[in-house]
Each structure stands twice: as structure tokens, then as C-alpha cells.
Amino acid sequence: MPYHRYRPAHERVEVPLTERAWPSRRIAAVPLWVPVDLRDGNQALAEPMDPARKRRMFDLLIRMGFKEIEVGYPSASQTDFDFVRDLAAPGAVPDDVSVVVFTPARHDLIERTFESIAGMSRVVVHLYTATAPTWRDVVLGHDRPALHALIRNAAEHVARLAGDRDVRFQFSPEVFNLTEPDYALEICNDLTALWDASPDRPVIHNLPATVEVATPNVYADQIEYMHRHLDRRDAVILSVHPHNDRGTGVACAELAVLAGAQRVEGCLFGNGERTGNVDLVTLALNLHSQGVDPMIDLSDIDEVRRVVEHCNRLPVPDRHPYAGDLVYTAFSGTHQDAINKGLAHHAKRAAELGVPPERAPWEVPYLPIDPADVGRGYQAVIRVNSQSGKGGIAYLLNTRYGLELPRRLQIDFSSVVQRATDGSGEEATAEQLWELFHATYLAPGEGGALSEWSTVETGPGAHEFTGTLRSGRRLHGTGNGPLSALTAALAADGIDVDILHYAEHALDPGRGSRAIAYVEARVNGATLWGAAEDTSILTASVHALLAAVNRAIAPQ
């Protein structure tokens, strides 16, 4: 590949920062999230949103709790213009929400933008111009002084049109991350003064990584440089707008916040030009996982995803962080075992603390957040295929059917499942696992080799078992318990049985007052498990032992 055609970022732009502070900082408070789905995200769609989709997206953003929303590029199309005009209707925008409109640095387009916001309050007019050398030379044909003069002239026009209206100002030096830092600073400081920024009417300087070209630490250094040197710092909101060309947009945003950014523009699930804008859902839930309130409502993430997929006509991938169908799912045996134990530990800890599980501290292996926090259930957390192990199988049978399989039975059944799934190559559902468990361990004892049987306690610690085989032969045996009496009866009939493990438990009340017994037995030298359920634990025990015996002596 012709790698020699490309220059590394440090040869394209200088970063005059040597004593950086951001690496030692921690994010302890949420930045202001600004979704740009209706502008930047909409421009990235092969089929831009129609008015109904735009309105549905806007309503979603309001419900989620965003307080500043970029609603469009009104000079770009009649659809965008009309949508902004619709938002000017009384009550269309909540009183605590600011809308942002986007315009290039051209007088006619600025005027069209102001036409679109007539009658609106709490508006931010967002002015932008590309400032990087390649864009200046190739696209705009201006040197540094000429471009600065063009931007200042446009900013003056914005201020004239705003007058004393409830309008704030935002400027983006597009391709900031490839612009000389001193030049970006010069322009931003000039506009801060021109627009007379103050703490009660701050100016927003938005610094986009329009095309990712370097590792996230370089962007953080650039943001910290601006954070340190911007004039009237308490009157400036430092904003960032990362893209994802290198796949590190989320990292760029997080490091930028460490470096002094107070505001982040992005899209839900990362929609945007090329490889996308930074993903606000991932950023917000990353903070949630660190114990920081993200200040937006993602408690029903599947509904958020449905709306976004409808509006964008783009699917959210199965492996998308937090929102994908498979991100809380484990197929691997070792992962399943750890999650199974972690969930059990979580339930126990919640009980010890005397709080509901949803309020107990969350520490479950492989699950950075509780799926319930975003409206997901636990049914899909563990799914079984040929890569799965005993822990996942046991978890599904326990959560769906109430079975508490002894450890050695888990191991035995996992090999049965492995053979079945290896043969089909398909995932096994909880229902299929139950059917396989039933056929393997319960069914051999349900037909029964006995036509009738009984057991009685003949004295302290002495039991007698009698029964009749379907062949008509009688069985009789004594022992220190019902099962030992049965094994003695079987031995008298020529079947050598040694019980190795026995367990029982009540089943879920939803299945009636039933119990299940598990028996591991060595039968004529072969070790096998049997299980049975019944309203009587004694009957379940006898049938479980007979299931193991029948598995051993049945023709293979």
C-alpha cells in the first residue's frame, strides 16, 4: 500500500503545548450535550428526513432531556427552512430548550437563516468557516488575513441582524484540528470581543475534529491550548465536534472534556458524514458507567433506537456499544459462568443490604452496566451455542424453568448440549435446552420399569421397598432409606447400583407445588444422571434413580 503518500499529523499542524494537565484529570460532571442529528446527521443521509421524521426526531430529543438542539441548516433547503419555521409556533419548543441554527459565512445565507428564526427565542446562531491551510488554499482561495477578514465581516452581519433579540452566537473554525493553533485562537478571540461575550451571554467556540487525522491525545492537546489561551474564558463555552474517521471519535470527545471542553456536539448512535459524528449515546452511558449522571434519559434504549432507525433509515449494528442487540449477551462458556455467578452474587448482596436489586451497587463480570438501567431484561444476557459452557446452560434452565442443577450434572449436560449444537451449528434457546434436558434425564424414568411400588419405614433407620416390574417380576429390598432400599431391590434383581450424588429442590411456585430430584448413580459400572419431578419428593427421587438406571441398561 502507498503509505508514503501521507504525512503524519505532527508534520501538518503544530501543537504548542508541552506541560499538559488533562492526563491527570477525571470527568466528574457531564458536559452540555448538543445533538446535531437534525443538521449534521441529516446531511449524512442518502435520503434526508422528511418533515414527519424531523419532527419525530426532535420530539425524541426533547423527551430524552436535551436542553440545546441543533435543528437544521435553514439556508440549505426549503425543507430545513420550513422545519425551523414550524418550531417558531407557540409551544413548539419547551421554554428551557435552546435551538441552534447553522449558517456559512455568507451574507445572503445568514439573512435566510435569520428569516427562519423570526419570532423565536432562546436561539443560537452558529456561524462556520473552514480555516485549515488545505481548505484555505484549495477550496476558499484566501490567505490567513483575507479569511479572517471574511469571517469578521460575516460575524458583524450576524450581530447586526440579531440586534437586541434573544440570540446567542456560536463560531466553528471548521477543520480546527488541522488549523494552526495561533490562527484559530486569533479568530476566536476576535469574535469573542466583537460579540461582546459576557458570563450571562457567553459565546460558544466550537472546535471540530472535522476529519480525524491524529490520535486522540493530539486533539486533547489542541483543546487544552485553546482552553488556556481563550480571552474572557468565563464568557466562552468551549465546545467540541469530533468525527470518527479513525474510529476514535468517542475517545477524542472524552479527552477533550478532560482538556477543558464544556460542550459536545454529536449524533445519536454516531450517524454522520463518512464514518460518523461522535456518538452521544455511548458518551452518555460511558459516564453513567462511571457513576456520573449523564443528564439524559436512556432508560428505554430500544425505543430510542427504534425512533432513530426509523428517522435515519439506518440500522444500529448488533455490536453497537450499549444499544446493540448482542452487547449484553454472552455465548462463551467462561463468560457465561462468570456472569451467572456475578448475577447470583448481586442478588445476594442486594438482599444483605436490604435494597431492591436495581438499587444495589453493580459489580457483575463482563457487564459494565446493569442492562435493566437501559430497559433491557436478562433473558438475552446468556445465550447458548456450540461455544457455550455449563454456566450459561445452567443459567437459562434456572431463570426460565427454575432448575438448580448440581455442578456435576451441569458438566454432564453441557457435553450433551455441545454435541447437539455442534451438529446443527445453531443457537439453542431455553425451550430447546429444556426439551433436550427432559429427553436426556427425565424421560427415561417417566415410562417406568415398575407397574407399582411402595416403600415403608419398618423401624428406626430401616426402610423396605417392594415393587413389581412390568415383566411381572417382584422386587424387594431393605436399606437405611427409601433409595438405598430400592438399590438393594435392584441388586437382588441383578442390577448393581451405587448412588454417588443426590439433590432435590422445590420448583417455581408458578409450576404448582412440585419438586425435582437429581440422582447420579453408577449402574453396572456406568455413571449416569437421572432426574424426575413430581408433587411428591419421594416419587421424584425414585423416578430419578430409575431414570439413571434405565439410561444405563437401555440399548444404546
Side-chain angles (χ1 to χ4, degrees), residues 31-44 54 58 61 66-77 80-81 83-85 87-88 93 97-118 120-131 150-162 165-176 179 184 187-188 190-192 194-197 201-210 226 230 235-243 261-267 272-273 277-278 280:
L32 173 63
W33 306 123
V34 181
V36 294
D37 300 77
L38 291 165
R39 189 268 296 180
D40 214 18
N42 191 42
Q43 290 175 297
K54 279 179 169 286
F58 180 77
L61 298 173
F66 290 104
K67 298 305 180 186
E68 194 169 302
I69 302 170
E70 191 161 85
V71 295
Y73 193 157
S75 65
S77 71
D80 265 29
F81 183 92
F83 178 69
V84 176
R85 292 306 304 142
L87 296 180
V93 180
V97 173
S98 297
V99 299
V100 184
V101 287
F102 189 72
T103 179
R106 273 179 44 186
H107 280 222
D108 58 333
L109 301 182
I110 292 170
E111 290 162 6
R112 178 71 167 164
T113 300
F114 271 89
E115 288 175 25
S116 74
I117 61 172
M120 299 180 74
S121 59
R122 296 183 65 91
V123 180
V124 177
V125 174
H126 180 182
L127 179 72
Y128 85 95
T129 301
T131 54
L150 181 152
I151 293 169
R152 181 178 176 85
N153 180 267
E156 289 170 344
H157 196 48
V158 167
R160 280 194 299 272
L161 293 175
R165 297 171 53 184
D166 187 10
V167 173
R168 290 189 294 119
F169 307 124
Q170 174 176 342
F171 173 65
S172 287
E174 192 185 357
V175 209
F176 159 79
T179 300
I187 296 173
C188 288
D190 184 34
L191 297 194
T192 298
L194 171 66
W195 286 332
D196 194 22
R201 193 166 181 258
V203 162
I204 301 165
H205 286 310
N206 183 57
L207 309 177
T210 306
M226 296 292 286
L230 282 168
V236 171
I237 296 173
L238 179 54
S239 176
V240 292
H241 181 111
H243 277 253
Q262 301 151 284
R263 180 180 183 271
V264 178
E265 295 186 350
C267 292
E273 297 282 7
N277 286 51
V278 70
L280 295 184

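Two residues are said to be in side-chain contact when any heavy atoms from C-beta on lie closer than 4.5 Å; Thr131 and Ile151 meet this criterion. Residues Gln262 and Val236 form no side-chain contact, since every pair of their non-hydrogen atoms from C-beta on lies 4.5 Å or further apart. Between Glu111 and His157, some side-chain heavy-atom pair lies under the 4.5 Å cut-off. By the 4.5 Å heavy-atom criterion applied to side chains, Arg122 and Val93 are not counted as neighbours. Side chains of Thr103 and Arg112 form no contact here, defined as non-hydrogen atoms less than 4.5 Å apart. For the pair Ile117/Val125, a side-chain contact is recorded, criterion being any heavy-atom separation below 4.5 Å from C-beta on. Side-chain contact between Val34 and His241 is absent, with no heavy-atom pair separated by less than 4.5 Å. Looking at Phe171 and Thr192, their side chains never come closer than 4.5 Å, going by heavy atoms from C-beta outward.
What you find for Thr129 and Leu150 is that their closest heavy atoms are OG1-CD2, 4.5 Å. In this structure, Cys188 and Leu230 approach most closely via the heavy-atom pair CB-CD2, 3.9 Å. Across Leu38 and Val71, no two heavy atoms sit closer than the pair CB-O, 3.6 Å. Of all heavy-atom pairs spanning Ala261 and Val240, the tightest one is CB-CG1, 3.8 Å. Residue Leu109 comes nearest to Pro104 through the heavy atom pair CD1-CG, 3.6 Å, listed as atom of the first residue, atom of the second, then distance. The two atoms that bring Asn206 and Pro173 nearest to each other are O-CD, 3.1 Å, heavy atoms only.
Atom CD1 of residue Ile187 and atom OG1 of residue Thr179 lie 7.5 Å apart, to the nearest 0.5 angstrom. One finds the CD1 atom of Ile110 at 9.0 Å from the OG atom of Ser75 (value rounded to the nearest 0.5 Å). Atoms OG and CG, on Ser172 and Leu127 in that order, are 8.5 Å from each other to the nearest 0.5 Å. Atom CZ of Phe58 and atom CG of Leu87 lie 5.0 Å apart (nearest 0.5 Å). Residue Asp166 holds its CG atom at 5.5 Å from OG of Ser121, rounded to the nearest 0.5 Å. The CG atom of Asp37 sits 10.5 Å away from the NZ atom of Lys54 when rounded to the nearest 0.5 Å.
Partner of Ser98 under the side-chain contact (heavy atoms from CB on, under 4.5 Å) criterion, chosen from Arg168, Lys67, Met120: Arg168.
Relative orientation of the Tyr128 and Phe102 rings is parallel, given thresholds of 30° and 60° on the angle between their planes.
Within the 3.5 Å criterion, the main-chain N or O of Ala155 finds a donor-acceptor partner in the side chain of Trp195. Judged by distance alone, with hydrogens and angles left aside, the side-chain atoms of Arg201 form a donor-acceptor pair with the main-chain N or O of Val167 at under 3.5 Å. Remark: side-chain polar atoms of Arg263 are not paired, donor with acceptor, to backbone N or O of His205 under 3.5 angstrom.
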- [ ] Begin from the C-alpha positions of Phe114 and Val101 and carry the test side-chain contact (heavy atoms from CB on, under 4.5 Å) through to its verdict.
- [x] CA-CA 9 Å; Phe114 271 89; Val101 287; over 6 Å; no
TODO: Would you sort out whether Val36 and Gln43 count as a side-chain contact (heavy atoms from CB on, under 4.5 Å), showing the intermediate values?
DONE: CA-CA 10 Å; Val36 294; Gln43 290 175 297; over 6 Å; no
Open item on the list: Please evaluate residues Ile237 and Glu68 with respect to the criterion side-chain contact (heavy atoms from CB on, under 4.5 Å), reporting the C-alpha separation (whole Å), side-chain torsions for both, the decisive distance (0.1 Å), and the verdict.
Closed with: CA-CA 13 Å; Ile237 296 173; Glu68 194 169 302; 6.0 Å; no
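In the model, Glu265 has a side-chain atom that pairs as donor or acceptor with a side-chain atom of Gln170 under 3.5 Å.
Salt bridge Asp80/Arg39: absent, no basic N to carboxylate O contact under 4.0 Å.
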